[in-house]
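Since the structure comes first, as C-alpha cells, the remarks are kept for the end.
Residues take their numbers from the sequence shown, with the count starting at 1.
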Amino acid sequence: IGHIYCKDVFGIMGENFIFPVQIDQKIVEMLWKKNKNKVAEWEEQSKPTYFGPLRDRSVLMENGSLTIVNLEKDDAGPYELQYWDSVKDHYLNFVLIVLDSLPEPKISCNASDDKLVLKCTANFQESLNYAWKLGNNPHSSQNQELSVPVKNVDITTNATCIIKFSQTERRSEISLSQCL
C-alpha cells in the first residue's frame with residue numbers, strides 16, 4: 001500500500017478549481033475517483049478519458065492535477081487520485097468543500113478629529129483575505145480596517161476594499177468625501 005494522504009480543499013461556486021497535487025516522480029498511469037466512481041483516467045501515450053458529471057467540465061494534466069471548470073455544489077465530496085509511477089501505487093485523498101460565491105463587501109467609515117477609519121465587512125463562511133486601495137495606491141493593510149490620518153485625506157480619492165478567497169475576489173469602493 002502506498003502513502004495515504006488526505007486534505008480538505010475549498011472551492012467557490014462558479015470558479016475553476018484545481019486540486020493542489022504536487023507529484024515529483026513521472027506518472028505512468030492515473031485514475032481520479034469521486035465517491036469511488038471514476039471521474040478521469042489516463043495512461044502514458046494516450047489522451048485522458050472523462051466520466052460522469054465531470055465529463056465535459058474537467059481537465060486532467062500529466063502532473064496529476066485535475067481542474068473542475070465552473071464548480072457546482074454537487075461537485076463537493078471525497079476525491080481520490082490513484083497513480084502508478086512504474087514502481088508502486090500512490091493514493092492522494094481530498095475532500096472538496098464547495099462554498100457559496102463571495103458576497104460584495106460593505107465599507108463603512110468613521111471620522112474623528114485626527115483620523116479616518118474605514119471598515120470592510122463581508123459575510124462569508126470562511127476567513128477572507130482583505131486588501132485596501134486608496135486612489136491608485138495599494139495599502140498593505142491585511143485587516144478589515146484601514147486607518148488614515150485626517151490631514152492626509154484627499155476627499156477626491158476613492159477607497160477600495162478587496163476581499164479574496166481561493167481564486168476569487170470581490171471589491172467595493174467608497175468616496176472619502178462621503179466620510180468627512
Side-chain angles (χ1 to χ4, degrees), residues 5-23 32 34-35 39-40 53-61 63-79 81 92-180:
Y5 157 100
C6 190
K7 182 174 182 176
D8 283 1
V9 289
F10 297 91
I12 291 181
M13 268 182 54
E15 81 175 11
N16 296 347
F17 176 78
I18 303 168
F19 283 94
V21 173
Q22 285 164 339
I23 298 170
W32 271 95
K34 177 191 175 198
N35 291 325
V39 172
L54 294 182
R55 183 182 300 126
D56 301 320
R57 289 193 307 115
S58 58
V59 181
L60 181 59
M61 304 303 279
N63 68 359
S65 76
L66 179 71
T67 301
I68 300 175
V69 176
N70 194 9
L71 209 54
E72 298 171 3
K73 280 285 191 200
D74 292 349
D75 296 330
Y79 286 78
L81 166 61
L92 295 178
N93 289 281
F94 298 92
V95 176
L96 174 59
I97 297 152
V98 179
L99 304 170
D100 296 332
S101 46
L102 277 184
E104 191 174 306
K106 306 249 183 298
I107 302 176
S108 57
C109 50
N110 235 313
S112 67
D113 294 341
D114 55 347
K115 65 179 195 258
L116 176 64
V117 178
L118 298 164
K119 188 172 168 71
C120 183
T121 51
N123 189 7
F124 194 61
Q125 60 264 62
E126 290 294 320
S127 62
L128 294 163
N129 288 322
Y130 291 87
W132 285 94
K133 248 170 68 176
L134 274 183
N136 296 323
N137 303 329
H139 266 259
S140 55
S141 171
Q142 289 297 311
N143 303 326
Q144 285 182 264
E145 287 191 359
L146 177 66
S147 182
V148 187
V150 166
K151 62 180 190 299
N152 297 350
V153 172
D154 172 356
I155 59 166
T156 62
T157 303
N158 285 349
T160 308
C161 166
I162 301 144
I163 57 170
K164 193 168 177 177
F165 185 86
S166 186
Q167 296 125 25
T168 303
E169 66 174 46
R170 292 265 182 284
R171 51 184 59 214
S172 284
E173 199 171 75
I174 190 171
S175 164
L176 293 185
S177 62
Q178 291 172 258
C179 300
L180 294 171

- Are Leu66 and Leu81 close enough that some pair of their side-chain heavy atoms sits under 4.5 Å apart? no

- Rounded to the nearest 0.5 Å, how far does OG of Ser101 lie from CE of Met13? 6.0 Å

- Just by distance, do the side chain of Lys119 and the backbone of Lys106 share a donor-acceptor pair under 3.5 Å? no

- Quick one: closest heavy-atom pair of Ala40 and Leu60, and the distance? CB-CD2, 3.9 Å

- Item | Phe94 and Cys6, any side-chain heavy atoms less than 4.5 Å apart | no

- Message: Assess the residue pair Leu176 and Leu118 against the criterion (side chain to side chain contact (heavy atoms under 4.5 Å, CB included)); give the C-alpha distance rounded to whole Å, side-chain angles, the decisive distance to 0.1 Å, and a yes or no.
- Response: CA-CA 9 Å; Leu176 293 185; Leu118 298 164; 4.1 Å; yes

- Is the backbone N or O of Glu145 less than 3.5 Å from a side-chain atom of Asn143, with the two atoms forming a donor-acceptor pair by type? no

- Note on the structure: When rounded to the nearest 0.5 Å, the distance separating CD1 of Ile12 from OG1 of Thr168 is 4.0 Å

- Message: Less than 4.5 Å apart, side chain to side chain, heavy atoms only: is that true for Thr67 and Ser58?
- Response: no

- Query: Is Trp32 reaching over with its side chain to a backbone N or O of Gly64, donor-acceptor style, under 3.5 angstrom?
  - Reply: yes

- Query: Quick check: are there more than 12 heavy atoms from other residues, nucleotides or ligands sitting under 6.0 Å from CD of Gln125?
  - Reply: yes

- Atom CD1 in Ile18, atom CE in Met61: separation rounded to 0.5 Å? 8.5 Å

- Message: Checking Ser112 against Asn110: is there a side-chain donor and acceptor pair closer than 3.5 Å?
- Response: no

- Does some side-chain heavy atom of Cys109 sit less than 4.5 Å from a side-chain heavy atom of Ile174? yes

- Item | Over all atoms of both residues, closest heavy-atom pair of Cys120 and Tyr130 | O-CE2, 3.8 Å

- Task: Quick one: closest heavy-atom pair of Cys179 and Ala111, and the distance?
- Result: O-CB, 3.7 Å

- Note on the structure: The ring-ring contact (aromatic ring centres under 6.0 Å, His included) partners of Phe17 (sequence neighbours excluded) come to Phe19

- Message: Between Lys73 and Val98 (side chain of the first, backbone of the second, donor and acceptor by atom type, cut-off under 3.5 Å), is there such a pair?
- Response: yes

- Is there a side-chain contact between Arg57 and Asp75 (heavy atoms, below 4.5 Å)? yes

- Examine distances only and state if a side-chain atom of Ser65 and a backbone atom of Val21 form a donor-acceptor pair shorter than 3.5 Å. no

- With sequence neighbours left out, the residues meeting side chain to side chain contact (heavy atoms under 4.5 Å, CB included) with Ser175 are Asn158, Ser177, Gln178

- Query: For Asn137, does the CG atom sit with more than 12 other heavy atoms under 6.0 Å from it, leaving out its own atoms?
  - Reply: yes

- Interatomic spacing from NZ in Lys34 to CG in Asp74 - rounded to 0.5 Å: 6.5 Å

- Message: Are the side chains of Thr121 and Ser108 in contact, using a 4.5 Å heavy-atom criterion?
- Response: no

- Message: For Asn136, I'd like to know if atom CG has over 12 heavy atoms of other residues, nucleotides or ligands within 6.0 Å.
- Response: no

- Message: With a 4.5 Å cut-off on side-chain heavy atoms, are Ile68 and Leu96 touching?
- Response: yes

- Message: Show the nearest heavy-atom pair for residues Val117 and Ser147, with the distance to one decimal.
- Response: CG2-OG, 4.1 Å

- Task: Enter the distance from Ile162:CD1 to Leu128:CG here, rounded to the nearest 0.5 Å.
- Result: 13.0 Å

- Output for pair (Gln144 CD, Ile163 CD1), nearest 0.5 Å, gives 10.0 Å

- Among residues two or more places apart or on two chains, list those pairs meeting salt bridge (charged side-chain N to carboxylate O under 4.0 Å, His left out) that have a residue in residues 148-177. Glu169-Arg171

- Min side-chain heavy-atom separation Val69-Asn16 under 4.5 Å: yes

